[in-house]
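Some notes on the structure that comes next.
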Amino acid sequence: MRHSAKWYVATLCMGAVFLPPYIMQSHAAAVAGGGTGASHAADMAGRMQPAEQQAVVQARPAPAPGTGGTADLLAWPGVPRLGLPVLRMPDFAASAAPAAGASLPPLPWLALAATWDPDLARRAGSARARSEWQQARAVLRVGGVDLLPSGRLQAGEDQVLAGSMVGMIGAGLLAGHVLPVFGSVAREEHARADGAVPDRTTQVSVARLASQSLLGVAMALETAHGGAILCGGLAPCQTVTGLGAMVHDAWRFPGMVMTPPGGAGMIRDADIAPTLAAVAAGVDMEQVAQDEGSHDVFGAALRQAVRDGSVKPAQVQAMVMHILASFYMSGSLEHPPSFASVHNGAQSTSADTLMADVEAQGAVLLQNENRVVPFDPAWGPVLMLVRPALRPAAEKLADALRHTGLNVTLSVTTEGAGAPGTLPPATAQAARTLVLSDGNDDNRMISTLAEMGGHVAVVLVADDPDRQMPWLDTVDSVVQAWAWRDEYAQPLAALLSGQQDFSGHLPVTLTGGFYPPGMADADYRAFTRAHVIPLFPFGYGLSTHGHLTLSDLRVVRDGNHMIASFAVTNPDDAPVRAVPQLYVEMPDDLPGAGRRLAGWRSVMVAPGHTVRLSVPVSLRLVGQWNPAGGNWTVAAGDYTLSLGLSSVMMMRHATLHLPALHVPGALDSTPAPAVTAE
């Protein structure tokens, strides 16, 4: 078993764990799989010849199986003399999708984050590992977190949620001998509706990022028990200063920092300055794209820098040691995939099931006036209305709804429909209309439809946190179903028909496209600081089967944690999946004061039952990073933990006075208390 049962239980129970700034050598060895991963890396790096060391700091274009081309595939060369195999990986600057014919489509990031289910994220990682293995790839970039701040990445806008969920994806990948590389690229950011973009031109120190974006990366590494870090995806690696010292000296993380093509800069006119800057920035491995020619920074330029003494041989050996440590964590050096096993198969049933489970748990019920959802067959037929582009999706959903016993008629509008008289005649007589919508172009159509007086339910089938909803007050029900996939038809039909309850919660703030003046970010913490309530808050989600009560919140300090315990009661007659959320607030006079997610639990509560849950909250979340001491400083004061079902729906509060503390970077793996039923 790759991960000890003790640590795996701790990860699931906390909902969030944190990378210790000091990972002890014993832990680093343990994640390597054989107890000797870190020492193997140091020993193997020392046995390499200088030319071999300089070769393995790059992954270069590699022929695809059965072709003479590259298909955006890169190869880490290994060292055959020492039994280190060639390992292939995608070009991280290219599309993140699996190769043609792979058994699993790209992960539905926001839908998966909306489940708030770490176990499902691990299943997704395991399934993706099998898909990568079939394509002979041993390395995969996992986005959703990054070194640099971003209001909304693939896995949402909160570092605690995103770091935990992508870390569990990474755990699944590592179990399948695929190395997860944690970091995002610019195309994965959700652009703001007002066009504002983060400033990525000014250098920023890791000390300023420690409790922000770096927290998500750290949590991903800790939760996964290994991996690697990507820099240069959102901005050049040199934008973040002090990265190498933080990762290797303060965190004591033994693995590598790598960069996509161009992320560490480009060589021009034989100037080795970019190479020196990349080494100083802590980059260990560089990906080289097909068209980079001789502009790569760790090729001829690195060899020149070593010859003239600008880069010491010991620095190159340390880079190699970090690279090998990451590969040993995944076990891919001992169990490399082979091109001989590559095959292009149809999408598997297990992949279909996984995607269906993501939609079933991740679809979010945003509004349900008059309890129109779930649709009751006794209320008569349902008219489904869509634009032509969504007709294939609507046909699949309509068929699935009919199998639940509903009488569904599909009507397709003309492009640009919305003005009075342009909707199909059937809409005038429909008592209940279901609209599938993937963008703001549908807003006029939905508004016109709602003004006719019938009951209207809108299903949003796009990942757009800034989707405008000018019709919100005139429709009955709204469901955020995320970017459409055909596998979503049956689970969405089960939700809309009441065969399954909605249990998803938003991993992003739905802004409606409006931000308070001067807001740099669009996340829930920014809205809270501006005292503005967004359209739908982070963490929000409704149920159709019942409601939950949260009570008896108690908080005590246990070492470097606050332990919050509370009760969740389901007074209704149907089971409900609860996602109680804990938010922590620092005293108002401290830097960074404000409410932030501290942990959560995902648990099914039986009808008429109460469960008591415990969630440990690391004091790092209320500390300031102390670069000189390599630890977190917690100021004396009163700290408030709030319990609720979203970032603005707080039902219980508890205050704990803390003395001044210095919290060490190391975090032990003591499991959280188990769920107990009263």
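Counting from 1, the numbers follow the sequence of the chain as shown. Hydrogens, waters and symmetry mates are skipped; everything else that's a heavy atom, side chains included, is used.
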Are the charged groups of [X] and [Y] less than 4.0 angstrom apart, N to O?
X: R525; Y: D158; value: no
X: D552; Y: R612; value: yes
X: E188; Y: R152; value: no

Does [X] reach the side chain of [Y], with side-chain heavy atoms less than 4.5 Å apart?
X: P424; Y: L385; value: yes
X: Y488; Y: V461; value: no
X: Q499; Y: T404; value: yes
X: L535; Y: R467; value: no
X: F502; Y: V373; value: yes
X: W109; Y: I169; value: yes
X: L406; Y: W379; value: no
X: T413; Y: M445; value: yes

In terms of relative ring orientation, are W116 and W600 parallel, tilted or perpendicular, with 30° and 60° separating the classes?
perpendicular
Over-ring placement of R192 relative to Y515, 6.0 Å and 45° cut-offs:
yes
Between [X] and [Y], what is the shortest heavy-atom contact and its length?
X: L401; Y: M384; result: CD1-CE, 3.8 Å
X: H505; Y: V364; result: N-CG2, 3.8 Å
X: A598; Y: L621; result: CA-CD1, 3.6 Å
X: P537; Y: L506; result: O-CD1, 3.5 Å
X: F527; Y: A522; result: CE1-O, 3.6 Å
X: P580; Y: V568; result: CG-CG2, 4.1 Å

For N407 and V382, run side chain to side chain contact (heavy atoms under 4.5 Å, CB included): C-alpha distance rounded to whole Å, both residues' side-chain angles, the deciding distance at 0.1 Å, then the answer.
CA-CA 6 Å; N407 181 358; V382 175; over 6 Å; no
I need the [X] [atom1] to [Y] [atom2] distance, nearest 0.5 Å.
X: Q429; Y: T433; atom1: CD; atom2: OG1; value: 10.5 Å
X: Q490; Y: M355; atom1: CD; atom2: CE; value: 15.5 Å
X: L582; Y: R652; atom1: CG; atom2: CZ; value: 13.0 Å
X: Q361; Y: D119; atom1: CD; atom2: CG; value: 9.0 Å
X: L597; Y: S646; atom1: CG; atom2: OG; value: 11.0 Å
X: L107; Y: L140; atom1: CG; atom2: CG; value: 8.0 Å

Would you please name every residue forming a salt bridge (charged side-chain N to carboxylate O under 4.0 Å, His left out) with D399, sequence neighbours left out?
R402
Side-chain donor/acceptor of [X] to backbone N/O of [Y], under 3.5 Å:
X: N570; Y: H609; answer: no
X: D466; Y: T511; answer: no
X: Q367; Y: S477; answer: no
X: R485; Y: E359; answer: no
X: W482; Y: G362; answer: yes
X: T427; Y: L423; answer: no
X: Y540; Y: L366; answer: yes
X: D523; Y: A526; answer: yes
X: R371; Y: T544; answer: yes
X: E487; Y: T353; answer: no

Does H190 form a side chain to side chain contact (heavy atoms under 4.5 Å, CB included) with L110? I'd like the steps, not just the answer.
CA-CA 11 Å; H190 289 277; L110 283 180; 3.5 Å; yes
Is it true that atom NE2 of H403 has more than 12 heavy atoms of other residues, nucleotides or ligands lying nearer than 6.0 Å?
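Atom NE2 in H403 is not crowded, with 12 or fewer foreign heavy atoms closer than 6.0 Å.
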With a 6.0 Å cut-off (strictly less than), is the heavy-atom count around CG of N370, excluding the residue itself, greater than 12?
yes
Quickly, which of [options] forms a side chain to side chain contact (heavy atoms under 4.5 Å, CB included) with [X]? Name it, please.
X: D476; options: V458, V372, N368; result: V372
X: V386; options: D438, V459, V435, L410; result: L410
X: W471; options: V478, T448, L449, V456; result: V478

Go through the structure and list residues passing side-chain contact (heavy atoms from CB on, under 4.5 Å) with S543, not counting sequence neighbours.
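In terms of side-chain contact (heavy atoms from CB on, under 4.5 Å), with neighbours along the sequence ignored, S543 is linked to D501, H545, V576.
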The criterion is side-chain contact (heavy atoms from CB on, under 4.5 Å); which residues satisfy it with E585, sequence neighbours excluded?
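If we apply the side-chain contact (heavy atoms from CB on, under 4.5 Å) test to E585, skipping adjacent residues, the hits are R595, T640, S642.
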Can E189 and S184 be said to form a side-chain hydrogen bond (donor to acceptor under 3.5 Å, both in side chains), step by step?
CA-CA 8 Å; E189 288 187 284; S184 297; over 6 Å; no
Could you go through the side chain to side chain contact (heavy atoms under 4.5 Å, CB included) check for F182 and D146 one step at a time?
CA-CA 7 Å; F182 297 108; D146 196 77; over 6 Å; no
Step-by-step side chain to side chain contact (heavy atoms under 4.5 Å, CB included) determination, Y524 to V648
CA-CA 9 Å; Y524 71 96; V648 301; over 6 Å; no
